[in-house]
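The basis for the numbers below is simple: all heavy atoms, side chains too, and nothing from hydrogens, waters or symmetry mates. Below, read A as the first sequence line, B as the second, and so on, with proteins coming before strands; counting in each chain starts at 1.
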There are 2 protein chains.
Amino acid sequence: MTATAEEPRAQQEPQEPQGNPRKRRAILDAAGTVFLRDGFTRAGIDAIAAEAKVSKQTVYNHFGDKERLFMAMTDDVQDRTVAHVMELMDRDFPDPSKLAGPEDLRAALLQLAGEWIRVVYTGPLVALRKLVDAESEHHPYLQQRWFTNGPSRTMPRLNRLLSALARAGLLDVPAEVLDVPDLLAYQLTAMAGSAVRRIEPGADFEAEFQRRVAQGVDFFLRAYAPR
Amino acid sequence: MTATAEEPRAQQEPQEPQGNPRKRRAILDAAGTVFLRDGFTRAGIDAIAAEAKVSKQTVYNHFGDKERLFMAMTDDVQDRTVAHVMELMDRDFPDPSKLAGPEDLRAALLQLAGEWIRVVYTGPLVALRKLVDAESEHHPYLQQRWFTNGPSRTMPRLNRLLSALARAGLLDVPAEVLDVPDLLAYQLTAMAGSAVRRIEPGADFEAEFQRRVAQGVDFFLRAYAPR
DNA sequence: AATCTCTTGGACTGTTGAGTCTAAAAATAT
DNA sequence: ATATTTTTAGACTCAACAGTCCAAGAGATT
């Protein structure tokens, strides 16, 4: 295909899912591996092509340039993560009517917050978040995109769940808090999350993880458990 | 580096051939400007030399290579920030005996947390933190160094202050919390801090800042205000 | 079989940037 | 004044890397 000066590329062309979807998948996976390993600037298209066992030109056929490849990879990882988190919540949604006492409530929050934080604040998603954060100085829309595709889809869900506990009388949350979108969900996860990120390498991660999540949940309960 | 030359540094470095301290200062400032503007990989030594109005070779005479220059700049910014925060706390330390009622306490915490978060979670320090975070995948000791030179110097101070309020009966903090180093200080600052970082560009920053700090402080007080 | 699209590998361009080298000039010390 | 250290400008090496071009081939579709 000779797209020389004769054929002016159509400007705002939305998106063409051209090419073999299996190659596309392989490239996205490889991009995840290499970008997360090397960072945006250091990562080379050649390395990604090699990792995907695909020729360099194929990468360009599918994704146009490095920046769009990065965005496609980010969207992909976030979509999978959001799906994972939603599934978690479907499975472990604590039914307010089934929680007998305060200990049940604490156990349910520990379970839910623990799973949430494990997915969102450990593993590859944290590294990807760092990358987006670092690049956001140069591509400001990345930050926006991250929130739109990620937290803004999952946080309302968690918030609705916690609000239900409040409505059921299991949590005593003031109206000012309930009125702020997603605030309650952030209050449950933010502190434990940032604490988990501070776990020192070399420490017993699993034990430290449990301890810090519990500290976060207990702080949350101390504020909102009815007494 | 600043006044504290022989302080506990994470790793020992062969003393570089000292040159003119004013050049050194100029290079550090320029490195701050350029690294924070362009990121580690994108930043060029030539650009830094130009910004410092110094020849490239002089940069190498003083700092050896890019990585060590980056570390020296990071240490420098952190040292200044720590000094700033310490000064803030000397000035606005709320004397427990002078706090008449709950409203006084809330006002004092708002002031203290607000100033703290303004210094630590806005401005150049946040950008620098992002850089360190991004580079920490490739230079793991950077993360360690950041905590050693920064938070591990300031957080105990804030924590001592809050513990004093607890001892004076103005806060009702359980022993499990008081026993964990710096936990109380993180509980006051972490949530408001991460909320401030999520302020959308285009919003009225100052108003949003005050609102979110207040939400954090009220969360904290709801957990620990005696009732 | 003929056609159309996608893929391949490799060569090629142009740029950028880290780090070195050098010889001369400036500053500093003795 | 002389010796030592530091600075300077610029040329230079070497490597990496984004993105392009091309000609041959693999795969499907008709």
Side-chain angles (χ1 to χ4, degrees), chain A residues 1-10 13 15-31 33-73 131 134-135 138-139, chain B residues 1 13-31 33-73 131 134-135 138-139:
Chain A
M1 161 96 60
T2 48
T4 49
E6 252 189 347
E7 288 231 358
R9 285 203 68 85
E13 205 153 346
Q15 194 73 327
E16 340 172 29
Q18 295 230 346
N20 183 341
R22 284 162 61 184
K23 304 268 180 187
R24 189 184 180 84
R25 181 73 262 147
I27 296 169
L28 280 176
D29 290 341
T33 302
V34 177
F35 275 130
L36 288 189
R37 189 188 58 211
D38 297 344
F40 179 80
T41 311
R42 270 182 259 254
I45 300 290
D46 297 274
I48 293 170
E51 175 78 22
K53 287 173 185 134
V54 135
S55 89
K56 186 196 223 183
Q57 187 60 50
T58 301
V59 176
Y60 281 99
N61 286 346
H62 277 266
F63 296 98
D65 62 19
K66 196 181 182 181
E67 194 183 320
R68 270 181 291 175
L69 173 57
F70 181 78
M71 288 198 308
M73 179 275 289
L131 282 192
E135 284 310 304
H138 299 274
H139 309 292
Chain B
M1 255 178 263
E13 296 151 23
Q15 209 45 292
E16 307 295 333
Q18 290 286 7
N20 182 343
R22 284 161 61 188
K23 304 268 180 189
R24 191 184 180 82
R25 181 73 262 146
I27 296 169
L28 280 177
D29 291 340
T33 301
V34 176
F35 275 130
L36 287 189
R37 188 187 61 211
D38 297 343
F40 180 79
T41 312
R42 271 182 256 257
I45 300 289
D46 297 275
I48 292 170
E51 176 77 22
K53 289 179 183 127
V54 136
S55 89
K56 188 195 217 179
Q57 187 60 50
T58 301
V59 176
Y60 281 99
N61 285 347
H62 278 267
F63 297 99
D65 63 19
K66 198 182 182 181
E67 193 183 321
R68 271 179 291 174
L69 173 57
F70 181 79
M71 288 197 308
M73 179 275 288
L131 282 191
E135 284 311 303
H138 298 275
H139 309 292

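- Under the 3.5 Å distance criterion, the side-chain polar atoms of A/Lys23 are left unmatched by any main-chain donor or acceptor of A/Ala52.
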Verdict with reasoning, B/His139 to B/Met71, per side-chain contact (heavy atoms from CB on, under 4.5 Å): CA-CA 11 Å; B/His139 309 292; B/Met71 288 197 308; over 6 Å; no
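- Using a 4.0 Å heavy-atom cutoff across all strands shown, B/Ala43 reaches sugar-phosphate atoms only and no base atom.
- Nearest-nucleotide positions on DNA chain C for B/Ile45 and B/Asn20 put B/Ile45 closer to the 5' end.
- Rounded to an integer number of Å, the gap from B/Phe63 CZ to C/dG19 P is 14 Å.
- Residue B/Arg22 is classed as having no contact, given no heavy-atom separation below 4.0 Å to the nucleic acid.
- The nearest heavy atom of DNA chain D to A/Arg42 and to A/Gly64 marks one nucleotide each, and the one closer to the 5' end goes with A/Arg42.
- Between the OH atom of A/Tyr60 and the C1' atom of C/dC6 there is a distance of 18 Å, rounded to whole Å.
- Rounded to an integer number of Å, the gap from A/Ile48 CD1 to D/dA16 P is 17 Å.
- Distances shorter than 4.0 Å separate some side-chain N or O of B/Thr58 from OP1 or OP2 on D/dT8.
- In terms of heavy atoms, A/His62 sits closest to A/Asn20 at CE1-O, 3.5 Å.
- Side-chain N or O atoms of A/Lys66 include one that pairs as donor or acceptor with a backbone N or O of A/Ala43 at under 3.5 Å.
- In this entry the distance linking CD1 of B/Ile27 with C1' of D/dT8 reads 12 Å, nearest Å.
- Between A/Leu69 atom CG and D/dC17 atom P the separation is 15 Å, expressed in whole Å.
- Taking atom CD of B/Gln57 as the reference point, atom P of D/dC12 lies 16 Å away to the nearest angstrom.
- For the pair A/His62 and C/dT7, the criterion of a side-chain N or O lying under 4.0 Å from OP1 or OP2 is met.
- Between B/Phe70 and B/Phe35, the ring planes are perpendicular. Angles over 60° get that label, and only those under 30° would be called parallel.
- In the set D/dT8, C/dA18, C/dT8, D/dT8 carries the atom at the smallest distance from any side-chain atom of B/Lys23.
- Counting distance only, with no hydrogens placed and no angle test, the side-chain atoms of A/Lys56 and the base atoms of D/dG19 include a donor-acceptor pair under 3.5 Å.
- Between A/Lys66 atom NZ and D/dC17 atom C1' the separation is 8 Å, expressed in whole Å.
- Looking at the side chain of B/Asn61, the nearest of the listed nucleotides C/dT7, D/dA18, D/dT8 is D/dT8.
- A straight line from CG of A/Asp65 to C1' of D/dC17 spans 14 Å, rounded to a whole angstrom.
- Place B/Phe40 and A/Val54 on DNA chain C by their nearest nucleotides, and A/Val54 ends up nearer the 5' end.
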